[in-house]
Amino acid sequence: MDLEDFDLYSYFYDLVKQIPDGYVTTYGDLAEALGDPIAARAVGYMLSINEDPDGIPCYRVVLHDGTVGNYTHPLGPQEKVRRLKADGIPVVSGKIEDFEHHRFRDFRTDYPLKKMQEYQRKIAEEYTESGPEKFELIEAFDVSYTDRMGFASSVVLHGEEMESYVISDKIRFPYIPGYLGFREFKFIRRLYRNADLLLIDGNGILHPRYAGLATHAGVILNTSAIGVAKHLTRSVKHDEYLYIGDRLTGMIIKKNIIVSPGNRFSVRSAVMTVQALWGDKYPWPLKLVHQLSTMHLDTRGRILELDAQSISAR
DNA sequence: GCGACAG
DNA sequence: ATCTTGTCGC
């Protein structure tokens, strides 16, 4: 199992196909079969964008209490009820009768998200706090999305010189809290131009397993990295300092701007470096690369050439 | 209604 | 992140 290039969509749809005729399962049961109950919302999302509703029986996935729940179909939830009844499942006023008797949870699975957690713990062990303080080549990354496509960009800075890169690819991993690295690192790996500092939209060691996207990228690419996030994730806040367990992992430097070390930085040195790259209201290389990604998405990857002025003019 | 929830 | 109308504040 190649965790760095894992197709969770295919794996998930194969799980859904395992639900036998005459049985149902829940969003949480499928998340459990993937390896982490936190994926329950991603389960709902993946079902909602199912491209093969006749081959992949989404209608067999219901709420925890036996309520039928939503169905993304032109005919709506009533079509879900119709299909369940056609399978011989009794549904009375939107709820499955004798729910536990019809509930399937005996999935054949390798629990891929559990393996990814282990992988993240190994990455976290490779994180180091000390590193260089001067950088020749800085690269900032960002990705914009449609349902199944990602449009990724990077901006590379060396002295006064700047270059930008764009790539796009089909998405094979949904957004799942705590697993962003498995969604976005493949883009960073392809865009990486041997920079000695990576600036990444997301968290570093401010992560339940101390291995957010910026740490994932910094450790695998063996370079310095910093994460800058716009929203706070689960952590304990003391003044502006953010702790996971007893460990200092990040800092709120402005409203909705959270800095955490990815690799080869401490919290203090990461904050100082971000401040050295401060623009108007945000580190300017990240603002620029975000605009580039958005434009890349808007044109569906048909950008051929861009310079900094045409981007900033937006 | 509440809690979590990086992108 | 994306989907999106109107609304609030500078």
Polar contact flag, side-chain donor to acceptor under 3.5 angstrom, Ser293(A)-Ser153(A): yes
Atom pair distance, as rounded to whole Å: CD1 in Ile200(A) and P in dG7(B): 13 Å
Face-to-face stacking of Tyr145(A) with dA1(C), centres under 5.5 angstrom, angle under 30°: no
Sugar-phosphate, base or nothing in reach of Phe182(A), heavy atoms under 4.0 Å: nothing
Proximity to the side chain of Arg234(A) - top-ranked nucleotide from dA6(B), dT2(C), dC5(B): dC5(B)
Gap in Å between the two C1' atoms, one belonging to dT5(C) and one to dC2(B), rounded: 27 Å
Salt bridge flag under 4.0 Å for residues Glu125(A) and Lys122(A): no
Separation of atom CZ in Phe141(A) from atom P in dA6(B), rounded to whole Å: 22 Å
Touch class at under 4.0 angstrom, heavy-atom based, for Ser144(A) against every strand present: sugar-phosphate
Sugar-phosphate only, base, or nothing, as touched by Gly178(A) at under 4.0 Å among non-hydrogen atoms: base
Separation of atom CG in Leu297(A) from atom P in dA1(C), rounded to whole Å: 11 Å
Separation of dG7(B) P from Leu8(A) CG (nearest whole Å): 20 Å
Side-chain donor-acceptor pair present, Asp87(A), Tyr59(A), cut-off under 3.5 Å: yes
Atom-to-atom span, CD1 of Ile176(A) to P of dA4(B) - whole angstrom: 19 Å
P-based separation of dG3(B) from dT4(C) [nearest Å]: 30 Å
d(CZ, Arg41(A); P, dG7(B)) in whole Å: 13 Å
N or O in side chain of His231(A) less than 4.0 angstrom from dG7(B) OP1/OP2: yes
Touch class at under 4.0 angstrom, heavy-atom based, for Leu206(A) against every strand present: nothing
More than 12 heavy atoms from other groups under 6.0 Å of CD on Glu133(A): no
Tyr175(A) OH to dA4(B) P, straight-line distance once rounded to whole Å: 14 Å
Sugar-phosphate only, base, or nothing, as touched by Ile258(A) at under 4.0 Å among non-hydrogen atoms: nothing
Short side-chain N/O contact from Thr233(A) to OP1 or OP2 of dA4(B), under 4.0 Å: no
Electrostatic pair Asp21(A):Arg60(A) at N-O distance under 4.0 angstrom: yes
Length of the CD-C1' vector between Glu184(A) and dA6(B), whole Å: 9 Å
Gap in Å between the two C1' atoms, one belonging to dG6(C) and one to dG1(B), rounded: 25 Å
